[in-house]
Asks: 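Here it is, the structure in full.
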Amino acid sequence: SDRTLGRIARNELKINSSESIKKVFTNEILWIKNNLGADYLDRILKRIEHQTNEVVIAVENIVK
C-alpha cells in the first residue's frame with residue numbers, strides 16, 4: 001500500500017548512509033514484517049489477482 005511504501009521511502013538509504021540511518025531503515029522493515037507479516041505482499045497480490053485494471057479515457061467537447 002501507499003502507506004507501507006511511505007514508511008520505507010521516508011528513510012533514504014544510500015551506500016554511504018550512517019549506521020543510525022541504516023538502523024532506522026532496518027527498524028522500519030522489521031516493523032512492517034512484525035505488524036503486517038512476512039508474506040504481506042503475497043497476501044495482497046493473492047487478494048487482487050482476480051481484479052482487472054481499467055483505463056478510462058474521457059473527451060470533453062466544448063462547442064462555442
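All heavy atoms count here, side chains included; hydrogens, waters and symmetry mates do not.
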Asks: Does F25 belong to the same Ile/Leu/Val/Met/Phe/Trp/Tyr cluster as W31, with side-chain heavy atoms less than 4.5 Å apart forming each link?
Replies: yes

Asks: Is it true that I29 and L13 fall in one hydrophobic cluster, defined by side-chain heavy atoms closer than 4.5 Å?
Replies: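 Same cluster.
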
Asks: With a cut-off of 6.0 Å (strictly less than), are more than 12 heavy atoms of other residues, nucleotides or ligands near CG of N16?
Replies: yes

Asks: Could you list the residues that satisfy side-chain hydrogen bond (donor to acceptor under 3.5 Å, both in side chains) with N27, not counting sequence neighbours?
Replies: none

Asks: Return the NZ to CG distance between K33 and D39, rounded to the nearest 0.5 Å.
Replies: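 Output value for this atom pair is 11.0 Å.
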
Asks: Is the closest side-chain heavy-atom distance between I32 and I8 below 4.5 Å?
Replies: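 Yes, side chains in contact.
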
Asks: When rounded to the nearest 0.5 angstrom, what is the spacing between CG in L5 and CZ in R10?
Replies: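 Reported to 0.5 Å precision, the distance equals 10.5 Å.
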
Asks: Does K22 pair with E19 as a salt bridge, N-O distance under 4.0 Å?
Replies: yes

Asks: My understanding is that only residues two or more places apart in sequence, or in another chain, count here; which of them pass side-chain hydrogen bond (donor to acceptor under 3.5 Å, both in side chains) with T4?
Replies: S1, Y40

Asks: So, are R47 and E49 salt-bridged, with charged N and O less than 4.0 Å apart?
Replies: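 Answer for the salt bridge query: no.
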
